[in-house]
Amino acid sequence: MGKRKAPSRENTPNSDFCEFLTELAEYEKNVSRNIHKYNAYRKAASVLSSHPTRITSGQEAKKLNGIGEKIAKKIDEFLQTGKLQKLDNIHNDSKTTAINLLTQVTGIGPAKAQTLVSEGITSLEDLEKHKDKLNHHQLIGLKYYHDFQQKIPRNEIKQIENLIRGHLEPQIHLTICGSYRRGKQQSGDIDALITHPNYTSSQPKKKQNLLKNVVTALQNCGLITEIISLGDTKFMGACKLDKNSITRRLDIRLTPFDQYFCAVLYFTGSDMFNKQMRAHALDAGFTLNEYTLRPVGSTGVPGEPLEIHSERDIFDCIGFPYKEPQDRNQ
DNA sequence: CCGACGGCGCATTAGC
DNA sequence: GCTAATGCG
DNA sequence: GTCGG
């Protein structure tokens, strides 16, 4: 048995810094509605979480990529006082804590949370009393608030995977991506990809009702219990393995056959791994996204997509040593 | 000093 | 009625 | 908030 060394937030020497940076990140996204500061704080937390030794000064932290003047200062304050004044203020502000709570309901984002709070709606109980202010997605988010907070054990996803596969025509390929494919023991949601050899990027009409038929079949067998949204290529909803199970968030995407492996690679992640791999592709003269791998000429204009027949093809084409999904956690 | 920081499918709302 | 813009994940 | 042109 190998030892997975996922730098889990708890055992890293700088976990306390990561925690307050993550809190600041949430504040910037939900309250300030500044997605770029959110990402900046997350980047800083990420670089600290994988730093092997304890940081003992802001000056030392500032050497790391993603940590600048301001965060260095906060690290010094935290080292000296054991807390952050800015975070104390945030915790004591009822408007802020309400917005942070409401955005935990799927479908309620920073904008909706803000208007709700300005109308005096600040708790789940308030939401229950004012369902008329919620759209379909948000109603499902409220109904299953506690269920969706729970992580999904790997074994349950495995059973759901088998159940789905048993209801697909044999021609349809299925891969559950995300952290499940990376071997994690639990996941936040289930991200399924499907494809069919007759449906390609050059024959987009062939998808017809492929996804809708799949969703209908999974509704009829009792697995899919809620539809949040459903188009030609993306389903978002909820499923329940059996009567004693918790309701889980399930997404299903239908991708063209010729783009399947780029999509599988992309949706397997992790985000950081994708970033590394895209950067390596660029160095090797290619551009890689969730759809295609294309050579990029000296003019900078991408050429025609390369033919990809497996995930490994993508690694080979750009000269990137193959990594099993479980080794793509960072 | 100042702009970039991912792009997209689906649902809903804004604007005409 | 339509398309564009916005919110969300 | 941080980075880089």
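The shown structure was predicted, so the numbers you read here are calculated from the model rather than taken from an experiment. By convention in this document, chain letters (A, B, ...) are assigned in the order of the sequence lines, proteins followed by strands, and residues within each chain are numbered from 1.
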*Asks:* Quick check against the 3.5 Å criterion: does A:Ser270 have a side-chain atom that pairs as donor or acceptor with the backbone of A:Arg328?
*Replies:* yes
*Asks:* By the 4.0 Å heavy-atom rule, please label A:Asp232 as base, sugar-phosphate, or nothing.
*Replies:* sugar-phosphate
*Asks:* Would a 4.5 Å heavy-atom cut-off, applied to side chains only, mark A:Arg312 and A:Phe261 as touching?
*Replies:* no
*Asks:* Assign A:Leu64 to base, sugar-phosphate, or nothing according to its heavy-atom contacts below 4.0 angstrom with the strands shown.
*Replies:* sugar-phosphate
*Asks:* Across the strands shown, which category fits A:Ile67 at heavy-atom distances under 4.0 angstrom: base, sugar-phosphate, nothing?
*Replies:* sugar-phosphate
*Asks:* At 4.0 Å (heavy atoms only), tell me whether A:Tyr291 reaches a base, stays on the sugar-phosphate, or touches nothing.
*Replies:* sugar-phosphate
*Asks:* So does A:Leu101 get a backbone contact from the side chain of A:Gln104, meaning a donor-acceptor N/O pair under 3.5 Å?
*Replies:* no
*Asks:* Can you check the A:Tyr38 OH to D:dT2 P distance for me, whole Å?
*Replies:* 17 Å
*Asks:* Would you classify A:Arg33 as touching base, sugar-phosphate or nothing, given that sugar-phosphate means primed atoms plus P, OP1 and OP2, and contacts are heavy atoms under 4.0 Å?
*Replies:* sugar-phosphate
*Asks:* Can you figure out which of C:dG9, B:dC5, C:dC8 approaches the side chain of A:His36 most closely?
*Replies:* B:dC5
*Asks:* Pick the closest DNA chain B nucleotide for A:Lys275 and for A:His137 by heavy atoms, then say which residue is nearer the 5' end.
*Replies:* A:Lys275
*Asks:* Grab the CZ-P distance between A:Arg253 and B:dG7 for me, whole Å please.
*Replies:* 17 Å
*Asks:* Calculate the interatomic distance between A:His136 atom NE2 and B:dT12 atom P; express it in whole Å.
*Replies:* 8 Å
*Asks:* Does the side chain of A:Gln85 come under 3.5 Å of the side chain of A:Asn89 through a donor N or O and an acceptor N or O?
*Replies:* yes
*Asks:* Is the shortest side-chain N/O distance from A:Ser229 to OP1 or OP2 of B:dG9 below 4.0 Å?
*Replies:* no
*Asks:* For the side chain of A:Lys234, counting heavy atoms from C-beta on, which of C:dG9, B:dT12, D:dC3 is nearest?
*Replies:* C:dG9
*Asks:* Using whole Å, report how far CZ of A:Arg249 lies from P of C:dC8.
*Replies:* 15 Å
*Asks:* Atom CD1 of A:Ile35 to atom P of C:dG7: distance rounded to whole Å?
*Replies:* 13 Å
*Asks:* Roughly how many Å apart are D:dT2 and B:dG7, using the P atom of each and rounding to a whole number?
*Replies:* 23 Å
*Asks:* Check this one for me: any side-chain N or O of A:Lys70 less than 4.0 Å away from OP1 or OP2 of D:dG1?
*Replies:* yes
*Asks:* I need the CD-C1' distance between A:Glu23 and D:dG1, as an integer number of Å.
*Replies:* 17 Å
*Asks:* Identify which nucleotide among D:dG1, B:dG6, C:dG9 has an atom closest to any side-chain atom of A:Tyr41, counting heavy atoms from C-beta outward.
*Replies:* D:dG1
*Asks:* Determine whether A:Gln114 and A:Arg33 make a side-chain contact, defined as any pair of heavy atoms from C-beta on separated by less than 4.5 Å.
*Replies:* yes
*Asks:* Heavy-atom distance under 4.5 Å between the side chains of A:Cys262 and A:Leu288, does that happen here?
*Replies:* yes
*Asks:* Send over the distance from A:Glu28 CD to B:dC5 P, rounded to a whole Å.
*Replies:* 20 Å
*Asks:* Base, sugar-phosphate, or nothing for A:Asn65, non-hydrogen atoms under 4.0 angstrom?
*Replies:* sugar-phosphate
*Asks:* Write down the distance separating the P atoms in B:dA4 and C:dG9, rounded off to the nearest Å.
*Replies:* 26 Å
*Asks:* From the options C:dC8, D:dG1, B:dG9, select the nucleotide whose nearest atom is closest to the side chain of A:Lys37.
*Replies:* D:dG1
*Asks:* Can you figure out which of C:dG9, B:dT12, B:dC10 approaches the side chain of A:Thr233 most closely?
*Replies:* B:dC10
*Asks:* Ignoring the backbone of A:Lys112, work out which of C:dG9, D:dC3, C:dC8 is nearest its side chain.
*Replies:* C:dC8
*Asks:* Using whole Å, what does the distance between atom P of nucleotide B:dG9 and atom CD of A:Gln259 come to?
*Replies:* 11 Å
*Asks:* Between C:dG9, B:dG6, D:dC3, spot the one nearest the side chain of A:Glu290, thanks.
*Replies:* B:dG6
*Asks:* Just to be sure I understand the rule, does A:Ile71 reach a base, reach only the sugar-phosphate, or reach nothing, if contact means heavy atoms closer than 4.0 Å?
*Replies:* sugar-phosphate
*Asks:* Please find out if less than 6.0 Å separates the ring center of A:Phe257 from that of A:His173.
*Replies:* yes
